[in-house]
Amino acid sequence: MHPPPLKVRPVDWAEAAARCLAIRRRVFIEEQQIPEAIEIDGRDPDCLHILASLNEVDVGTARLLPDAHVGRVAVLPPYRGQGIGAAIMTAVAEAARVRGDRALHLASQASAVPFYLALGYAPIGPRFMEAGIPHQNMSLPL
């Protein structure tokens, strides 16, 4: 039997906003209790967005800001641990390379640092608190 088809692709925010926000709302606002005012920050229209779908079900997303910061990386709970997050980050890196970015930057939640280390990101500076969650700045040369 073949594994289910995973599609990871850039999407147009105007067309896919509701789909990306549904994932982010479930992960960040509902699961992690991040205030909506922090999560929905008004920067999305200026970002490149990646959407991951498995068997036509939207399961993960991320955004790339104009300054090469990656954010809002989210995979729905039932789909974690299957390589979807890594596939999303690969798509983000490819989009950044095509755009001419020389490095990617992100603020990882402390619990996700091992995930980003495995993808080649390096920690920068001390950990800090954001939205009540410990974070670590990280960077990846492209």
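Because only heavy atoms are used, hydrogens play no part in the values below, and waters and symmetry mates are left out as well, while side chains stay in.
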Examine L65 and I38 and state if one hydrophobic cluster contains both, with Ile, Leu, Val, Met, Phe, Trp and Tyr joined whenever side-chain heavy atoms are less than 4.5 Å apart.
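Not linked; separate clusters.
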Let me confirm one number: the [atom1]-[atom2] distance from [X] to [Y], rounded to the nearest 0.5 Å.
X	Y	atom1	atom2	answer
R19	S53	CZ	OG	5.0 Å
L51	T61	CG	OG1	5.5 Å
L64	E94	CG	CD	12.0 Å

Ring-plane angle category for H105 and H69, please: parallel below 30°, perpendicular beyond 60°, tilted otherwise.
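Aromatic pair H105/H69 classed tilted.
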Residues in ring-ring contact (aromatic ring centres under 6.0 Å, His included) contact with F128, at least two apart in sequence or another chain:
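H135.
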Spell out, as yes or no, whether a donor-acceptor pair under 3.5 Å connects the side chain of Q33 to the backbone of E30.
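Yes, because the side chain of Q33 sits within donor-acceptor range (under 3.5 Å) of the backbone of E30.
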Validation row: [X], [Y] side chains within 4.5 angstrom (heavy atoms):
X	Y	result
V92	L104	yes
P77	R26	yes
Y79	L6	no

My understanding is that a hydrophobic cluster links ILVMFWY residues whose side chain heavy atoms are under 4.5 Å apart, including indirect links. Using that, what else belongs to the cluster containing I29?
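I29 shares its hydrophobic cluster with no other residue.
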For R63, what residues pass the salt bridge (Lys or Arg N to Asp or Glu O under 4.0 Å) criterion, not counting sequence neighbours?
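Applying salt bridge (Lys or Arg N to Asp or Glu O under 4.0 Å) to R63 gives D41, D44.
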Give a yes or no on whether a salt bridge exists between R24 and E39, defined as a side-chain N under 4.0 angstrom from a carboxylate O.
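Salt bridge flag = yes for E39 with R24.
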Quick one: do Q109 and Q32 satisfy side chain to side chain donor-acceptor pair (under 3.5 Å)? Show the steps, please.
CA-CA 11 Å; Q109 292 184 3; Q32 298 182 0; 2.7 Å; yes
